[in-house]
Amino acid sequence: MTFANEDTVYAVGEKDTVIKSLDGGLTWSTIGSCNLGQRYAWHGVSFWNVSRGWLVGSYGSVCVTHDGGDTWEEQHHGSVGYVPEDGDGPDAFEFFMRAVQVTGPEEVFVVGDEGHILHTVDGGVTWTQQVSRAEQDLYTLAFVSPSIGWVGGAMGDFLLHTRDGGTTWDYQPLKEDASPTAVQQGFHLSPTAVRPRFHL
């Protein structure tokens, strides 16, 4: 779920579901999606403003909207294979993009399975696969600026941290009593703190 402003909220889910609220979540309506089929699940959504946002989900899918979610366009990043058109056969596989964050008008970060971190600075025309050195699935991310951010993984025992927009990612182990589920489901950062604090 993501807020485009204090009133406009977007949420995503299974079976190609994208919903939108214009009253801060009091009421919801189903809006358009990438129309990739009921087998697709959306795991992440992020908006820069009320018009421009990104979806990520099943089979490595990344989609963009320029009209507040009325229509979506699939963006091919080339870092992983896509499911065949018939959704079946030996080349079909489950590969999820798990989370997305828009950090600028044209800049977006995406994380997903098998340590994938994608980055674009031109609105998704081209994507770069960053070197995370992680092999496990990455579930969540949070940036306090286009340069400084964190990514959380499936096992919940570490974070990846960057101070240079993802050019390099440093491994940060968590305490033994940290909750893996909390790291998988997301964390929040306070950009106003001298040192950003995690809220797990």
Would you find a donor on one side and an acceptor on the other, under 3.5 Å apart, between the side chain of [X] and the backbone of [Y]?
X    : Y    : result
Q75  : G123 : yes
D137 : E114 : yes
S21  : T27  : yes
W72  : G32  : yes

To the nearest 0.5 Å, what is the distance between [atom1] on [X] and [atom2] on [Y]?
X    : Y    : atom1 : atom2 : value
E14  : H43  : CD    : NE2   : 6.0 Å
L118 : T128 : CG    : OG1   : 9.0 Å
S33  : I19  : OG    : CD1   : 12.5 Å
H77  : T126 : NE2   : OG1   : 13.0 Å
R163 : S147 : CZ    : OG    : 10.0 Å

ask   = Do any pairs count as a disulfide bond (SG atoms under 2.5 Å apart) and have a residue in residues 27-65, sequence neighbours left out, and if so which ones?
value = C34-C63
ask   = Residues in side-chain contact (heavy atoms from CB on, under 4.5 Å) with L22, at least two apart?
value = T8, K20
query = By side-chain contact (heavy atoms from CB on, under 4.5 Å), which residues pair with A134, not counting sequence neighbours?
reply = S132, L138, F158, L160
Student check: side-chain heavy atoms of [X] and [Y] closer than 4.5 Å:
X    : Y    : value
I117 : W169 : yes
W28  : V9   : yes
V12  : L55  : yes
Y171 : L159 : no
Y10  : S46  : no
N49  : F47  : no
V111 : Y139 : no
T162 : Q130 : no

task = Of all the heavy-atom pairs spanning G44 and V100, show the shortest one and how long it is.
result = C-CG1, 3.7 Å
ask   = Can you say whether the rings of Y59 and Y40 are parallel (under 30°), tilted (30 to 60°) or perpendicular (over 60°)?
value = perpendicular
ask   = S61 and W42: side-chain contact (heavy atoms from CB on, under 4.5 Å), yes or no, with the steps?
value = CA-CA 9 Å; S61 300; W42 300 111; 3.7 Å; yes
Worked verdict on I148 versus H161 for side-chain contact (heavy atoms from CB on, under 4.5 Å) = CA-CA 8 Å; I148 301 173; H161 175 48; 3.8 Å; yes
inquiry  = Can you list everything that forms a ring-ring contact (aromatic ring centres under 6.0 Å, His included) with F3? Sequence neighbours excluded, please.
reply    = none
query = For F109, which residues count as a ring-ring contact (aromatic ring centres under 6.0 Å, His included) partner, sequence neighbours excluded?
reply = H119, F143
request  = Given side-chain contact (heavy atoms from CB on, under 4.5 Å), test V108 with W48 step by step and report yes or no.
outcome  = CA-CA 9 Å; V108 185; W48 176 248; over 6 Å; no
request  = Apply side-chain contact (heavy atoms from CB on, under 4.5 Å) to Q101 and E107, showing your working.
outcome  = CA-CA 9 Å; Q101 184 172 348; E107 187 168 15; over 6 Å; no
inquiry  = Within the 3.5 Å criterion, strictly below it, is a donor on W150 or Q172 matched to an acceptor on the partner's side chain?
reply    = yes
inquiry  = Taking the ring of H116 and the ring of F95, is the distance between their centroids below 6.0 Å?
reply    = yes
Pairs satisfying salt bridge (charged side-chain N to carboxylate O under 4.0 Å, His left out), at least one member in residues 45-70, at least two apart = R52-E106
